[in-house]
Amino acid sequence: MAFTDLLDALGGVGRFQFVYTALLLLPCGLLACHTFLQNFTAAAPPHYCQHLANNTEATTNDSEAWLRATIPLNQHGVPEPCRRYTEPQWALLKSNTSSHRVATEDCKDGWVYDRSIFPSTIVMEWDLVCESRTLRDLAQSIYMSGVLVGAALFGGLADRLGRKAPLVWSYLQLAVSGAATAYVGSFSAYCVFRFLMGMTFSGIILNSLSLVVEWMPTRGRTVAGVLLGFSFTLGQLILAGVAYLIRPWRWLQFAVSAPFLVFFLYSWWLPESSRWLLLHGKSQQAVQNLRKVAMINGRKEEGERLTTEVVSSYIQSEFSSVRTSNSILDLFRTPAIRKVTCCLMAIWFSNSVAYYGLAMDLQKFGLSIYLVQALFGIIDIPAMLVATTTMIYVGRRATVASFLILAGLMVIANMFVPEDLQTLRTVQAALGKGCLASSFICVYLFTGELYPTEIRQMGMGFASVNARLGGLAAPLVTTLGEISPVLPPVSFGATSVLAGMAVACFLTETRNVPLVETIAAMEKRVEEGRSKRDTECQSEEISLQQLGASPLKETI
């Protein structure tokens, strides 16, 4: 009997599973606020050079005339953001005067920002424009670097220390570093705390998903995994609303960080995964947790009958050859694990680079940034409903492959839409982003089901590292647009299509299949599947030979 049979005996998908899943997925939703926060806190409003020339005529002319006399206009008739005249050109106010060959210079006295939409951002506070404009992307890259480090760190720690301890620490670290970010006085300190915030992303997402999956019976895993995607979507919608109501960047930063202190406080109630406890010989604590689950699910009598021996009878065959994984080499040690790991590396990287390439710079669409953020969140809802249905009735492999391929084709097709059709381009990009978001959450669930328990956290952490590498690569791919505007969409689209093909060709289906506990059990399952296919092929060959021989006998 499998461990999932024990969960079914204690109530299956009961009250405990509902409450436990909700308490874990709520923080995951607010993580989306931090991931996309710089779309608002680092927004770059229209700006132009400040001119401090001592000219009495400047005080007698209106601001529009002063702007025309000090700032050159570009080809669109908009003030240049990074150049100014060396001296005010009052002659330009005359209708027949040309600005050709008028001397200009860089902005030496700062900038004047349009504060009608954003009263303050880090761009305004630290002048991250013109020659310093790349520092804004650097801050986001540093955040993604933190996510990368966190994926490598927390994936291994969770397999050694359990799922709960790294999760509780991540809540506290995000609450403290997020609040500190709202009070820093320098850009370097801002980047340091953003790095610490990024580290917690992987610690929260990976451990929350593992706890949900390991406490959920087989029939509830699909819905629970997809709910993680819906929570991330809800977080994007919350961000659009909160950012619209709270415009100053410091208050916005604090508003999305403070709730994690509440999550830290109630996380002490959450029980550790009994799968992990049994795997590491802590059977007494595992029995206590299972009794608590039974009581909450209304199966108190069944829980009281649980003993270490009874629990062991359920999982003895599964855990008989389990050992604790201490090396990342375990992800490549055997053929079945090696194939899964190599495929997931490519899939997570491709999904991430395309996803963040679309979602991290909303100002490029030329529409209201709040509207685009809400649209990018809302589009995930129907996409994930379709993903949920197909994962339940069709399977994980077909769902992930189809969404990745469809997203890649949409991204490539978007480059053929004229630039003046901004609304159409935005809608099409949102559809592609919705497909990528759906495939992302499907891949999270798929990965957790593909790896055995003894290396599940190590495997998910390593896969997440590849996703963070994709997040780091996305801005670099975007800069290829300076060479040719077709390179970014072709790169994003092609990687998604290739990743979808890899899923379809190399990974096995896990729908309604019990979780594998050991590497040996996984190799045995793969070998049994291969033997079954070989037997079926031999049977088909014999049938074909018999069909071919029958007409010959009749002729004779």
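- Here the closest heavy-atom approach between residue V394 and residue A398 is recorded as CG1-CB, 3.7 Å.
- Remark: the backbone N or O of M197 is not paired with any side-chain donor or acceptor of H34 at under 3.5 angstrom.
- Under the side chain to side chain contact (heavy atoms under 4.5 Å, CB included) rule, I379 has a single partner from T233, L431, V427, which is L431.
- Inter-residue side-chain proximity for M345 and F462 is flagged as met; some heavy-atom pair is nearer than 4.5 Å.
- Note that CE of M216 and CZ of F18 are 7.5 Å apart. Values are rounded to the nearest 0.5 Å.
- One distance of note links CG of L270 with CG of L167; it measures 7.0 Å at 0.5 Å rounding.
- Annotation: cation-pi geometry satisfied between R194 and Y143 (NZ/CZ under 6.0 angstrom from ring centroid, within 45° of ring axis).
- By the 4.5 Å heavy-atom criterion applied to side chains, S170 and F260 are not counted as neighbours.
- Nearest heavy-atom pair, F376 versus T426, reported as atom, atom and distance to 0.1 Å: CE1-O, 4.1 Å.
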Practice problem: Applying side chain to side chain contact (heavy atoms under 4.5 Å, CB included), run through Y451 and L331 and close with a yes or a no. | Solution: CA-CA 9 Å; Y451 280 119; L331 300 177; 3.9 Å; yes
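- The two atoms that bring Q38 and A139 nearest to each other are OE1-CB, 3.3 Å, heavy atoms only.
- Across all their heavy atoms, T121 and T41 have their closest contact at CB-O, 3.1 Å.
- By the 4.5 Å heavy-atom criterion applied to side chains, T35 and Y356 are counted as neighbours.
- Not one N or O on the side chain of R468 forms a donor-acceptor pair closer than 3.5 Å with the backbone of S145.
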Listed pairs under 3.5 Å, donor-acceptor, residues 235-244 side chains, sequence neighbours left out:
| residue | atom | partner | partner atom | Å |
| --- | --- | --- | --- | --- |
| Q236 | OE1 | K433 | NZ | 2.7 |
| Q236 | NE2 | D380 | OD2 | 3.4 |

Practice problem: Test side chain to side chain contact (heavy atoms under 4.5 Å, CB included) on I204 and F263 and set out the steps. | Solution: CA-CA 11 Å; I204 293 174; F263 304 149; over 6 Å; no
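- Here the closest non-hydrogen pair linking S439 and F403 is CB-CB, 3.8 Å.
- Rounded to the nearest 0.5 Å, atoms SG (C435) and CG (L358) are 10.5 Å apart.
- Within the 4.5 Å cutoff, the side chain of W215 has heavy atoms near those of the F16 side chain.
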Self-check item: Test side chain to side chain contact (heavy atoms under 4.5 Å, CB included) applied to I337 and R333, step by step
Solution: CA-CA 7 Å; I337 293 292; R333 198 172 301 279; over 6 Å; no
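- Side-chain contact annotation: T200 with Y171, donor-acceptor N/O pair under 3.5 Å absent.
- Remark: the T399 side chain and the T390 side chain contain an N/O donor-acceptor pair separated by less than 3.5 Å.
- Annotation: side chain of M199 is not in contact with side chain of S177 (no heavy-atom distance under 4.5 Å).
- Counting only heavy atoms from C-beta outward, the side chains of L135 and L138 approach each other to under 4.5 Å.
- Looking at E523 and T334, their side chains do bring a donor and an acceptor atom within 3.5 Å of each other.
- A donor-acceptor pair is defined here as one N or O able to donate and one able to accept, closer than 3.5 Å; no such pair exists between the side chain of S202 and the backbone of G150.
- Residue E272 comes nearest to G162 through the heavy atom pair OE2-CA, 3.4 Å, listed as atom of the first residue, atom of the second, then distance.
- In this structure, the side chain of N207 engages the main chain of G203 through a donor-acceptor pair within 3.5 Å.
- Expressed to the nearest 0.5 Å, how far CD1 of I142 lies from CG of L148 amounts to 13.0 Å.
- Y370 and F40 have parallel rings, their planes meeting at less than 30° on a 0 to 90° scale where 60° marks the start of perpendicular.
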Quiz item: Going through the checks in order, is the salt bridge (Lys or Arg N to Asp or Glu O under 4.0 Å) test met by R163 and E214?
Solution: CA-CA 10 Å; R163 284 48 164 145; E214 293 177 5; 2.7 Å; yes
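- Note that the CG atom of L23 and the SG atom of C28 stand 11.5 Å from one another [nearest 0.5 Å].
- Counting non-hydrogen atoms of neighbouring residues, nucleotides and ligands closer than 6.0 angstrom, the CD1 atom of I117 reaches no more than 12 such neighbours.
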Practice problem: Determine, stepwise, if the pair S350 / L404 fulfils side chain to side chain contact (heavy atoms under 4.5 Å, CB included). | Solution: CA-CA 9 Å; S350 302; L404 281 172; 5.9 Å; no
Donor-acceptor contacts, no H, no angles, side chain residues 492-508, under 3.5 Å, sequence neighbours left out:
| residue | atom | partner | partner atom | Å |
| --- | --- | --- | --- | --- |
| T495 | OG1 | S491 | O | 3.0 |
| T495 | OG1 | F492 | O | 2.9 |
| S496 | OG | F492 | O | 3.1 |

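- For W249 and Q253, the side-chain atoms include no donor-acceptor pair closer than 3.5 Å.
- You'll find the side chain of M391 reaches within 4.5 Å of the side chain of C442, heavy atoms only.
- Looking at heavy atoms from C-beta onward, V168 lies in side-chain contact with K164 at the 4.5 angstrom threshold.
- Of the inter-residue distances, the one linking C191 atom SG with L196 atom CG reads 11.5 Å to the nearest 0.5 angstrom.
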